[in-house]
Amino acid sequence: MQIIDGKATAAQIKAEIKNEVEGILAAGGRAPHLAAVLVGHDGGSETYVKNKVLACEACGFRSTLLRFEDTITEAELLDVVAGLNADEAIDGFIVQLPLPAHIDEQKVTEAILPEKDVDGFHPVNVGRMSIGLPAFVSATPLGILTLLRRYNIETSGKKVAILGRSNIVGKPMASLMMQKQGGDSTVTVLHSHSANLAEECRRADIIIAAIGRPAFVTADMVKPGAVVIDVGTTRVPDATRPKGFRLQGDVDFDAVAPLCSAITPVPGGVGPMTICMLMLNTLQAYKQRA
Ligand code: GUN
C-alpha cells in the first residue's frame, strides 16, 4: 500500500512555480498577484485563506487579503468584486466561501470576471472546462488529477466512483475524469440518494470521496487493490489535540488503507494540492494577461 503524499507533491510543485517566478523577476517582469476576499470569522475559512497567503509567499507571488465583517451587504461585496475586476495590479482573486446567508454566493461568483476567476467557479469556466476548452479548473479536482498523474496511477479505462455531487468538487471531478484529455475513465457519481452505493463503490478501481461525512467509506465498500482519494476535512471534537479538534476525512483510513494499492491521508493528502493548484491557476492568469 502506497501513501499518496499530497503535502510533498504540493511542496515540489510550489518550488517549480517559485523557480519560474524567479526567472520572470530576473528578466525584469513583475510577480503574479492574487487577492483573497474573506468575509466574517469562520474558523475553517480563516485557516484556508491564511494558508493561501502563505502559499503565495512560498511561490514568490504578491498577495492581498481583503477582510470584511459579516455585516457587509451583498451590494457592498459586489462593489469589492467590481473593484478587483478593474484593478490592473490584480491577476486573479477569490472570494472565500461560504458567505453569510444574506449574500447570494452565486451572484457574487458570477460577478467575478472569468479571466480573473482563479477558483474556476464562474459558469463560463465550468462550461469551458466541461467541453474540454482552456479554462480555470476548480482547484480540488485539478489537484486530484495531478496527484494521480504524478503517482503514475492509470486512469484510462478504469472505473471511478465519485461520492458527492457538489459544484466545487463532485461535478467538476466527474467531468475531468471522463474526458479523454483528463482521466479518460468510466465515471459513476454517487450521492445521498444513490441506490446500492456500497456495491457501486466495490466495483470501482478508484474511489474519490467528497461527501463531507466523516469516515463514511468503510472497508466493506472498497475492492482490494483500489486507489482511494479522500477529499473530506471535517473538524471532529478531539480533547487530546491542542485545538480541541482533528481533521477527519470521508474515509475510515485505518480500516481501508490496508486494502488499497494507494490512498491519500487526511491531513496531508488532497488539501495541500488544492492550494497549490490555486497558485498554478494564478500563474496562468498572470501569463494570460502579460
Ligand atoms: N471554500 C471551500 N473551498 C473553497 C475554495 O476552493 N475556494 C473558495 N473561494 N472557497 C472555498
Side-chain angles (χ1 to χ4, degrees), residues 10 13-40 45-46 48-100 103-129 133-140 142-143 168 172 274-290:
I13 294 172
K14 281 187 282 187
E16 290 163 16
I17 296 172
K18 183 168 193 246
N19 196 35
E20 191 169 343
V21 172
E22 279 169 356
I24 293 169
L25 296 178
R30 63 170 181 87
H33 187 177
L34 173 73
V37 178
L38 176 60
V39 178
S45 292
E46 296 253 8
Y48 286 132
V49 168
K50 185 183 83 188
N51 288 335
K52 288 170 185 178
V53 169
L54 288 174
C56 283
E57 282 169 24
C59 293
F61 292 1
R62 258 184 87 188
S63 68
T64 298
L65 172 57
L66 299 170
R67 295 201 65 141
F68 301 94
E69 291 301 322
D70 53 17
T71 48
I72 190 172
T73 66
E74 185 180 278
E76 285 165 342
L77 188 56
L78 289 170
D79 276 347
V80 171
V81 169
L84 291 167
N85 282 340
D87 189 338
E88 286 293 322
I90 304 283
D91 297 300
F93 66 98
I94 61 150
V95 178
Q96 187 67 27
L97 304 177
L99 291 170
I103 299 177
D104 182 343
E105 284 184 356
Q106 195 56 31
K107 205 165 165 182
V108 173
T109 299
E110 290 188 36
I112 299 172
L113 265 186
E115 305 90 272
K116 291 195 176 187
D117 167 40
V118 285
D119 259 333
F121 293 170
H122 191 287
V124 166
N125 281 315
V126 176
R128 289 180 62 91
M129 182 278 286
L133 293 174
F136 291 116
V137 178
S138 179
T140 300
L142 187 58
I168 293 182
T274 296
I275 292 181
C276 178
M277 293 301 110
L278 177 66
M279 300 299 116
L280 267 189
N281 282 350
T282 303
L283 183 61
Q284 185 188 325
Y286 167 87
K287 287 181 185 166
Q288 283 169 200
R289 296 180 72 228

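Reckoned from all heavy atoms, side chains included, excluding hydrogens, waters and symmetry mates.
Side-chain contact check for Pro123 versus Glu110: some heavy-atom pair is nearer than 4.5 Å. Taking the side chain as every heavy atom from C-beta outward, Ser45 and Leu38 approach each other to under 4.5 Å.
A pairwise comparison of heavy atoms in Leu142 and Met277 identifies CG-SD, 3.7 Å as the closest pair. Considering every non-hydrogen atom in both Ile17 and Cys276, the closest pair reads CD1-O, 4.3 Å. Between Leu278 and Ala139, the shortest heavy-atom distance links the atoms N-CB, 4.1 Å. Residues Leu25 and Ala31 share a closest heavy-atom pair of CD2-N, 3.7 Å. The minimum heavy-atom distance linking Lys18 with Ala58 is given by the pair CD-O, 3.1 Å. In terms of heavy atoms, Arg30 sits closest to Ala89 at NH1-O, 4.4 Å.
The pair Lys50-Glu46 does not count as a salt bridge, with every side-chain nitrogen at least 4.0 angstrom from each carboxylate oxygen. Taking the charged nitrogens against the carboxylate oxygens, Asp87 and Lys116 have no contact shorter than 4.0 Å, which rules out a salt bridge.
Listed by chain and number, the residues in a side-chain contact (heavy atoms from CB on, under 4.5 Å) with Ala36 are Val49, Leu65, Ile94 (sequence neighbours excluded). Contacts of Gln288 classified as side-chain hydrogen bond (donor to acceptor under 3.5 Å, both in side chains), with partners at least two apart in sequence or in another chain: Gln284.
Thr140 contributes no side-chain N or O that, together with a main-chain N or O of Thr274, makes up a donor-acceptor pair within less than 3.5 Å. Asp91 places a side-chain N or O within 3.5 Å of a backbone atom of His33 that can act as its donor or acceptor partner. Counting only distance, with no hydrogens or angles, the side chain of Asn281 and the backbone of Asp119 share no donor-acceptor pair below 3.5 Å. Judged purely by atom type and a 3.5 angstrom limit, Arg128 uses its side chain to pair as donor or acceptor with the backbone of Pro134. When atom types are taken as modelled, the side chain of Glu105 and the backbone of Leu99 share a donor-acceptor pair closer than 3.5 angstrom. Judged by distance alone, the side chain of Arg289 and the main-chain N or O of Glu88 form a donor-acceptor pair under 3.5 Å.
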inquiry  = Does Leu97 form a side chain to side chain contact (heavy atoms under 4.5 Å, CB included) with Phe121? I'd like the steps, not just the answer.
reply    = CA-CA 11 Å; Leu97 304 177; Phe121 293 170; 3.9 Å; yes
key: Candidate pair Leu66 and Leu84, rule side chain to side chain contact (heavy atoms under 4.5 Å, CB included), full reasoning   = CA-CA 10 Å; Leu66 299 170; Leu84 291 167; 3.8 Å; yes
inquiry  = Checking Met279 against Cys56 for the side chain to side chain contact (heavy atoms under 4.5 Å, CB included) test, could you report, in this order, the C-alpha distance in whole Å, the side-chain angles of both residues, the deciding distance, and whether it holds?
reply    = CA-CA 7 Å; Met279 300 299 116; Cys56 283; 3.9 Å; yes
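A distance of 14.5 Å separates NE2 of His122 from OG of Ser138, quoted to the nearest 0.5 Å. With values rounded to the nearest 0.5 angstrom, Asn19 atom CG is found 8.5 Å from Glu16 atom CD.
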Quick one: side chains of residues 70-77, donor-acceptor pairs under 3.5 Å with protein atoms, not counting sequence neighbours, listed by atom name and distance.
{"unit_1": "Thr73", "atom_1": "OG1", "unit_2": "Glu76", "atom_2": "N", "d": "3.0"}
{"unit_1": "Thr73", "atom_1": "OG1", "unit_2": "Glu76", "atom_2": "OE1", "d": "3.3"}
{"unit_1": "Glu74", "atom_1": "OE1", "unit_2": "Asp104", "atom_2": "N", "d": "2.9"}
{"unit_1": "Glu74", "atom_1": "OE2", "unit_2": "Lys107", "atom_2": "NZ", "d": "2.9"}
{"unit_1": "Glu76", "atom_1": "OE1", "unit_2": "Thr73", "atom_2": "N", "d": "2.9"}

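A side-chain contact (heavy atoms from CB on, under 4.5 Å) with Val118 holds for exactly one of Leu280, Asn125, Thr282, Leu283; it is Thr282.
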